Each structure stands twice: as C-alpha cells, then as structure tokens.
K.L.:
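Supplied in structure tokens, the structure appears directly below.
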Amino acid sequence: RYGGGNFSYIFEKSASVLSSYDLLFGNLESGISSDSTVRTQSAPEGAFRAMKRAGFDVVSLSNDNIERLSAPEVGDTREALGEVGLSTVGANENDMYEPKIMRVGSTKIAFIAISDIAEVGDSNVLIDESKMSEAIAEARKESGLVVVSIHFGNKYETKPTERQRSLAELAIDSGADLVVGHFAHVVQPLEKYKNGYVAYGLG
C-alpha cells in the first residue's frame with residue numbers, strides 16, 4: 001500500500017547496505033499462499049523479489065510461523081523463493097538438519113537452520129541435540145565456515161536463557177563458527193565462545 005505496489009519500498013533505506021555483502025542470510029517468517037483462508041503470515045511473490053533485489057541470498061524457514069503452514073504451502077513457498085533466486089534452508093523436522101552449502105569465492109559456507117520453538121497445536125518441534133551435533137560435524141568436514149541459525153529463547157527477554165546458552169555452546173563445540181539466534185523480538189547479547197561467536201537474538 002505505502003509503496004504503490006512496489007515491494008522494494010520495504011528495503012528503501014537498507015538495500016544499499018544489504019546488497020553490499022558477498023552473502024546475505026535472513027530468517028523468513030512469511031510463507032506464500034494463494035489460499036485466503038490460511039491463518040498465518042503470508043506474503044505475495046513481489047515481496048520475495050524485493051528481498052532478492054535488496055541482496056538476500058539464502059533464508060531460513062525454520063521458525064514457528066513457517067511451522068503453521070501445511071506441507072504443500074511450504075512447498076509453494078520454497079518454489080516461489082527459488083523462482084526469484086533465493087535459496088532456502090530448514091523448515092520442519094524432516095529437513096532442519098540438512099545443510100545448505102553456499103560459496104563465496106573458493107570458500108564453502110554451510111548453513112543449518114533449526115527451531116526450538118513448539119507452540120503450534122500439539123506439535124513438539126524441538127531441537128534433537130544429537131541430530132544437531134551430528135549435522136554440524138558433517139557440515140564441518142566439507143565447509144570452511146559453518147553457520148547455525150536457531151529460532152530459540154523467550155519473547156521480549158533481553159538475556160538468553162540457559163537452554164539458549166546450552167544449545168549455542170553445543171553447536172560451537174560440534175564445529176559451528178557462528179550461531180545466529182532469533183525469536184525474542186528484542187536484541188540479545190553477542191558473545192564469543194571458544195573459537196566461535198553467538199548472536200543470541202538479532203531483534
């Protein structure tokens with residue numbers, strides 16, 4: 001509405017910064033659906049094209065809002081993102097532990113996206129710590145950098161929970177270089193742990 005139908009308006013003040021990076025990763029909490037009865041956050045394809053133009057390369061689908069979508073809707077979302085040139089990682093219990101390998105020059109960067117939030121109906125999509133550790137260790141073997149995106153924590157709390165710390169430390173102990181957290185809706189600390197870094201909550 002405010003952009004007159006041009007979704008690039010969303011990134012008007014940030015695109016020059018976002019597009020300057022060699023590789024840009026984000027957490028996407030909007031699916032796409034032509035069904036107006038779907039009760040979840042959804043976006044028209046124009047918004048996805050605007051994300052690509054703004055500089056995004058790969059997005060996580062491992063979060064509580066994507067979890068609300070049906071399997072066909074997740075498939076539609078992946079297809080729509082792929083059509084505009086955006087890669088995806090994660091989404092549900094079946095593929096949360098499948099890495100997406102991206103390249104920057106000669107460097108392989110593995111992304112793993114998982115969710116520790118279970119608040120949708122009777123779902124119990126929580127992180128399987130052994131699967132997470134194994135997935136990171138495998139990604140480490142073939143990648144120069146391993147980034148683990150985790151949807152975790154409590155909303156509106158500026159300090160990480162003990163579970164957040166435990167999962168982040170396990171990820172780095174398993175071979176991750178960077179843990180990127182989201183869900184709290186507020187900024188949480190950035191900390192160094194051994195040879196890795198943890199951004200507990202990006203806001």
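Note that this is a predicted model, so its numbers are computed, not measured.
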K.L.:
Please list all pairs meeting ring-ring contact (aromatic ring centres under 6.0 Å, His included) that have one or both residues in residues 68-111, counting only residues at least two apart or in different chains.
P.N.:
Phe25-Phe111

K.L.:
Is it true that, when you exclude Tyr197 itself, more than 12 heavy atoms of the residues, nucleotides or ligands shown sit nearer than 6.0 Å to its OH?
P.N.:
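It does not: Tyr197 OH has 12 such atoms or fewer within range.
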
K.L.:
Suppose we screen for side chain to side chain donor-acceptor pair (under 3.5 Å). Which residues come up paired with Thr107, at least two apart in sequence or across chains?
P.N.:
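Thr107: no side chain to side chain donor-acceptor pair (under 3.5 Å) contacts found.
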
K.L.:
I need the Lys100 NZ to Ser149 OG distance, nearest 0.5 Å.
P.N.:
15.0 Å

K.L.:
Are Glu29 and Asn27 close enough that a side-chain donor and a side-chain acceptor fall under 3.5 Å?
P.N.:
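Indeed, the side chains of Glu29 and Asn27 share at least one donor-acceptor pair under 3.5 Å.
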
K.L.:
Assess the residue pair Leu86 and Phe56 against the criterion (side chain to side chain contact (heavy atoms under 4.5 Å, CB included)); give the C-alpha distance rounded to whole Å, side-chain angles, the decisive distance to 0.1 Å, and a yes or no.
P.N.:
CA-CA 7 Å; Leu86 283 163; Phe56 284 94; 3.7 Å; yes

K.L.:
Looking at CD1 of Ile66 and CG of Leu28, how far apart are the two atoms once the value is rounded to the nearest 0.5 Å?
P.N.:
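Going from the CD1 atom of Ile66 to the CG atom of Leu28 covers 5.5 Å.
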
K.L.:
Transitively linked via ILVMFWY side-chain contacts under 4.5 Å: Tyr200 with Val179?
P.N.:
yes

K.L.:
Minimum heavy-atom separation for Val198 to Ala168, with atom names?
P.N.:
CG1-CB, 3.7 Å

K.L.:
Can you check whether Ile117's main-chain N or O pairs, donor with acceptor, with Asp64's side chain at less than 3.5 Å?
P.N.:
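No, Asp64 side chain to Ile117 backbone: no donor-acceptor pair under 3.5 Å.
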
K.L.:
Can you tell me which residue pairs pass the side chain to side chain donor-acceptor pair (under 3.5 Å) test with a partner in residues 15-26, sequence neighbours excluded?
P.N.:
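Every candidate side chain to side chain donor-acceptor pair (under 3.5 Å) pair involving residues 15-26 fails, so no pair, neighbours aside, qualifies.
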
K.L.:
Who are the side chain to side chain donor-acceptor pair (under 3.5 Å) partners of Glu83, not counting sequence neighbours?
P.N.:
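Glu83 satisfies side chain to side chain donor-acceptor pair (under 3.5 Å) with no other residue.
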
K.L.:
So which atom in Gln188 and which in Gln164 form the shortest heavy-atom distance, rounded to 0.1 Å?
P.N.:
OE1-NE2, 2.9 Å

K.L.:
Can you tell if the side chain of Met132 reaches within under 4.5 Å of the side chain of Ile114, non-hydrogen atoms only?
P.N.:
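Sidechains of Ile114 and Met132: in contact.
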
K.L.:
Working to the nearest 0.5 angstrom, can you tell me the gap between Leu170 CG and Ile150 CD1?
P.N.:
8.5 Å

K.L.:
Verify the cluster assignment for Val89 and Val148: are they in a single hydrophobic cluster under the rule of side-chain heavy atoms below 4.5 Å apart?
P.N.:
no

K.L.:
List for me each residue that meets ring-ring contact (aromatic ring centres under 6.0 Å, His included) alongside Tyr2, sequence neighbours excluded, and say none if there are none.
P.N.:
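Checked Tyr2 against ring-ring contact (aromatic ring centres under 6.0 Å, His included); zero matches.
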
K.L.:
Can you name the residues that form a salt bridge (charged side-chain N to carboxylate O under 4.0 Å, His left out) with Lys194, not counting sequence neighbours?
P.N.:
Asp173

K.L.:
Quick one, Leu178 and Val180 - any side-chain contact, counting heavy atoms below 4.5 Å?
P.N.:
yes

K.L.:
Could you give the distance from CD1 (Ile10) to CG (Asn6), rounded to the nearest 0.5 Å?
P.N.:
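Answer rounded to 0.5 Å: 9.0 Å.
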
K.L.:
Using a 6.0 Å cut-off, check whether atom NZ of Lys192 has over 12 heavy atoms from anything other than its own residue.
P.N.:
yes

K.L.:
Could you pull out the closest heavy-atom pair between Ala110 and Ile101, with the gap in Å?
P.N.:
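Closest approach of Ala110 to Ile101, heavy atoms only: CB-CD1, 3.5 Å.
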
K.L.:
Only counting residues at least two apart or in another chain, list the ones meeting side chain to side chain donor-acceptor pair (under 3.5 Å) with Glu157.
P.N.:
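In terms of side chain to side chain donor-acceptor pair (under 3.5 Å), with neighbours along the sequence ignored, Glu157 is linked to Asn154.
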
K.L.:
Would you check if the side chain of Glu134 reaches a backbone N or O of Lys131 as a donor-acceptor pair within less than 3.5 Å?
P.N.:
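Not a single qualifying donor-acceptor pair exists.
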
K.L.:
Anything under 30° is parallel, anything over 60° is perpendicular, the rest tilted; go ahead and classify His185 against Tyr156.
P.N.:
tilted

K.L.:
Using residues 137-147 as the side-chain source, report each donor-acceptor pair under 3.5 Å to any protein atom, sequence neighbours left out, with the distance given to one decimal.
P.N.:
unit_1	atom_1	unit_2	atom_2	d
Glu138	OE2	Lys141	NZ	2.9
Arg140	NH1	Gly175	O	2.7
Arg140	NH1	Asp177	OD1	3.3
Arg140	NH1	Asp177	OD2	2.8
Arg140	NH2	Ser143	O	3.2
Arg140	NH2	Gly144	O	2.8
Arg140	NH2	Asp177	OD2	3.4
Ser143	OG	Ala139	O	3.1

K.L.:
Could you go through the side chain to side chain contact (heavy atoms under 4.5 Å, CB included) check for Phe48 and Phe7 one step at a time?
P.N.:
CA-CA 9 Å; Phe48 291 171; Phe7 288 91; over 6 Å; no

K.L.:
Can you tell me how far apart OG (Ser30) and CG (Asn63) are? Round to the nearest 0.5 Å.
P.N.:
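With rounding to 0.5 Å, OG (Ser30) is 9.0 Å from CG (Asn63).
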
K.L.:
What side chain to side chain donor-acceptor pair (under 3.5 Å) pairs are there with at least one residue in residues 46-62, not counting sequence neighbours?
P.N.:
Ser8-Arg53

K.L.:
Holding to salt bridge (charged side-chain N to carboxylate O under 4.0 Å, His left out), I want the full list of residues that pass it with Asp95, two or more places apart in sequence or in another chain.
P.N.:
Arg78

K.L.:
Find out if a path of hydrophobic residues (ILVMFWY) with successive side-chain heavy-atom gaps under 4.5 Å connects Val104 to Val58.
P.N.:
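Yes; tracing contacts between hydrophobic side chains, which count when under 4.5 Å, links both residues.
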
K.L.:
Going through the checks in order, is the side chain to side chain contact (heavy atoms under 4.5 Å, CB included) test met by Ile112 and Ile136?
P.N.:
CA-CA 8 Å; Ile112 294 173; Ile136 293 169; 3.9 Å; yes

K.L.:
Rounded to the nearest 0.5 Å, what's the gap from CG on Asp128 to CE on Met96? Could you check?
P.N.:
8.0 Å

K.L.:
Could you please spell out the steps behind the side chain to side chain contact (heavy atoms under 4.5 Å, CB included) verdict for Val187 and Leu202?
P.N.:
CA-CA 5 Å; Val187 175; Leu202 296 185; over 6 Å; no

K.L.:
Can you name the residues that form a side chain to side chain donor-acceptor pair (under 3.5 Å) with Thr88, not counting sequence neighbours?
P.N.:
none

K.L.:
Does the distance from a Lys or Arg side-chain N to an Asp or Glu carboxylate O, for Arg163 and Glu129, drop under 4.0 Å?
P.N.:
yes

K.L.:
For Ser70, is there any backbone N or O sitting under 3.5 Å from a side-chain donor or acceptor partner on Glu73?
P.N.:
yes

K.L.:
Name all residues meeting the ring-ring contact (aromatic ring centres under 6.0 Å, His included) criterion together with His151; count only those two or more places apart in sequence or in a different chain, and write none if there are none.
P.N.:
His182, Phe183

K.L.:
Considering non-hydrogen atoms only, spot the tightest contact between Thr158 and Pro189 and give its length.
P.N.:
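In this case the closest contact between Thr158 and Pro189 is O-CD, 3.4 Å.
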
